[in-house]
Number of protein chains: 2
Amino acid sequence: MSKAGANTHATRALVELRERILTGEFGVGMRLYEVPVAEQLKISRTPVRDAFGRLAEEGLLDRLPGGGYAVRTFSVEDVIDAIELRGVLEGMAARLAAERGPDPHKLETMQKIVIAIDGCFSGEDVNIGRYSELNSDFHEALAGLAGSRTIQREIERATKLPFASPAAFLPENARYFPQTHSFRSAQEQHRALVVAIEAREGTRADAIAREHARIARHNLEYVLGEDVNFDQPLPGLALIVN
Amino acid sequence: MSKAGANTHATRALVELRERILTGEFGVGMRLYEVPVAEQLKISRTPVRDAFGRLAEEGLLDRLPGGGYAVRTFSVEDVIDAIELRGVLEGMAARLAAERGPDPHKLETMQKIVIAIDGCFSGEDVNIGRYSELNSDFHEALAGLAGSRTIQREIERATKLPFASPAAFLPENARYFPQTHSFRSAQEQHRALVVAIEAREGTRADAIAREHARIARHNLEYVLGEDVNFDQPLPGLALIVN
DNA sequence: ATCATCTTCTATGTATACATTGGGATGAAA
DNA sequence: TTTCATCCCAATGTATACATAGAAGATGAT
C-alpha cells in the first residue's frame, strides 16, 4: 500500500502550500502552475497535482474553468458569511444534541472543558494561549456532541477556512484586544450552551451557539477597522481583499 | 491548456464511476482499486486517481487510512441528518435573503417559478416530471437569493449527495406516492417562503425552509417503510445500509 | 504448537515522457 | 490600422515505468 498520508511528498506539498497560501506568499488571486511549484518544492508534478486538488477541496484554491488553479480570494462579506455559517452549523449541532439527548460522557467532557477555561482567568488577566486551546477543544466537542457524522463532517469542513475557525483572531500572541472582557462573556456563553443542551432546550442552545459565533465577526471587524499590529500576521488574513 | 473539464478521461471517469456507485453496481463499502477500475474503463491510473479524489470530495467515496478509497455507506440516520442539514442551510439562505433584502429580480424569478408550479396541478392530477424540474429550479434560486457565494457554495455541496437533494425521492417516474396531497402542501410552503422573504420576515422564512425540507425526510421514511416498487431504482438508495 | 522474522507480493506513491489543446503571437491581406 | 488566419508554445492531461511500504504468508527456531 502506502503511508497513512504522512511522509508522502503529496502530504508535505499540501502542508507546505497551505502554509504559503495562508501567509500570503502567493499573491491573492494568483494562478499556481504545476511545473514551477514542483520545481520549487523539488518534487514532480504528480504530488503537486494531488495537493492542488486537496487545497481546492479545502477552499483555498479555485479551480479555473480551463483547468489549473488560482489562490482564492475572499471578500469581507465572504468571511462574514463563513463565520455566520459556522454559527448556524454549530447551532444545529447544539440543537440536535439537546433534542436527541447528548451522550452523557461527552457532555461531561464539555463541562470539564468549561471548568478548565475558568482557570484561564485570574483577576483582570487572561491566559490567552490556554484559552484559545481549550476553546478549540470546546468547539470540537460540540461538533461531535450530537453523535451525527454528517454534521460533524460538515463543521470540520466549514472550519477549515482559517478565518472561519473558532480559533480565528485568537492567536497565541494576541495582545491587540482592547479589553479582556469579551473572553469572559464568551465563556458565559460556553456555560449557558452546556446548560441549555443538558436541559434539552434545543432552541436556546441553537440561539446561543449562533450568537457565540458572532464574537468572531466582531473581532474580524475590529481587526479590519483598527490598524492593529500583530506579532505575526493572522493566518488567512492575507486572502481577504478590501 | 486543456479542456474546461469536459472531454477529458478524468471527467468521463468521474461521471461513469459516479453513476456506477449510485446504482449500487459496486457493493456498499467496497474498496475500489485503481488498477482494475482503470482497466475496466480502458484508461490509465492517472485519470482514475483524479476521479477518485473528486468522488471523495463529493462524499461518495471514503478515503481509507492507509491510502485507497472505498464506496461510502450511509446509515438511515446519516441520510436524515443530511436532509436536516439541507433544511438548515436553505433556512439560512432564506433568512439572509429576508434580512438583507433579496435581489428584486431574483425574487421575481422565484415568484414566476411558483406560478409555474401552480400549472403542474389540474384537479387531482400532478405533472410530477414538470413539478420535479421546477422544484429544483426553485431551490436553486433560493440558494442564490441572498447573494452569498459562501452559502450558495455550501448548499451546492450539501445537495450533491443524491438523497439530500431537493429532487430526491421525486424521480420523473414516481408513481409510488399514496396521495398527491403532499405536492400541494409543498407548493404552499414555496409560496409562503417567498412571501416571508419579501416581507423581510427572516425567522419565518428560516422556519418554513426547514419544515419544507422535512418533506424529503417524510418521503424517505415512506420509501424505506413500505415495500415500494420503482420503475427504476432511486439514485443513491443503494448506498443506504440497514 | 507458537512465535518471530523474513520474504514476497500487491497497491499506491512518484517521476517522467509524451499528447493535446487553447491562447497568444505573428504575419499577411483588406 | 484592423482583421483574420496560421503557427507555435505553454500548461495541463495521460500513460507508463519504477519506487516503496504494508500486509499476508512462508519459513524456521524454540
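Reminder, nothing fancy here: chain letters follow the sequence lines and each chain counts from 1. Nothing here was measured: the structure is a model prediction, and the numbers come from that model.
- Annotation: the span from R18(A) atom CZ to L61(A) atom CG amounts to 11.0 Å, rounded to 0.5 Å.
- Regarding R63(A), its CZ atom lies at a distance of 15 Å from the C1' atom of dG13(D), rounded to whole Å.
- Atom-to-atom, CZ of F52(A) to P of dG13(D) comes out at 11 Å; the value is rounded to the nearest Å.
- Residue R49(A) has no polar side-chain atom (N or O) positioned under 4.0 Å from OP1 or OP2 of dG13(C).
- In this structure, CD in E140(A) is found 12.5 Å from CG in L145(A), a value given to the nearest 0.5 Å.
- When rounded to the nearest whole Å, the span between NZ of K42(B) and C1' of dT14(D) equals 17 Å.
- With rounding to whole Å, L64(B) atom CG is found 14 Å from dA23(D) atom C1'.
- With respect to the salt-bridge test (charged N to carboxylate O, under 4.0 angstrom), the residues R95(A) and E84(B) qualify.
- In this structure, R31(A) atom CZ and dG22(C) atom C1' are separated by 11 Å, rounded to whole Å.
- Between the CD atom of E34(A) and the P atom of dA11(D) there is a distance of 11 Å, given to the nearest Å.
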Under 3.5 Å between N/O atoms: give me all the protein pairs with nucleotides 16-19 of chain C, atom names plus distance.
{"unit_1": "dT16(C)", "atom_1": "O4", "unit_2": "T46(A)", "atom_2": "OG1", "d": "3.4"}

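- Atom pair L14(A):CG and dT14(C):C1' shows a separation of 16 Å (rounding to whole Å applied).
- In this structure, R31(B) and G67(B) approach most closely via the heavy-atom pair NH2-O, 3.6 Å.
- Judged purely by atom type and a 3.5 angstrom limit, R157(A) uses its side chain to pair as donor or acceptor with the backbone of E57(A).
- If you take CG of D50(B) and P of dG13(C), they are 13 Å apart, rounded to a whole angstrom.
- In terms of modelled atom types and a separation under 3.5 Å, the side chain of D78(B) and the main chain of S75(B) share a donor-acceptor contact.
- Side-chain atoms of I43(B) lie closest to dA15(D) of the nucleotides dT12(D), dT14(C), dA15(D).
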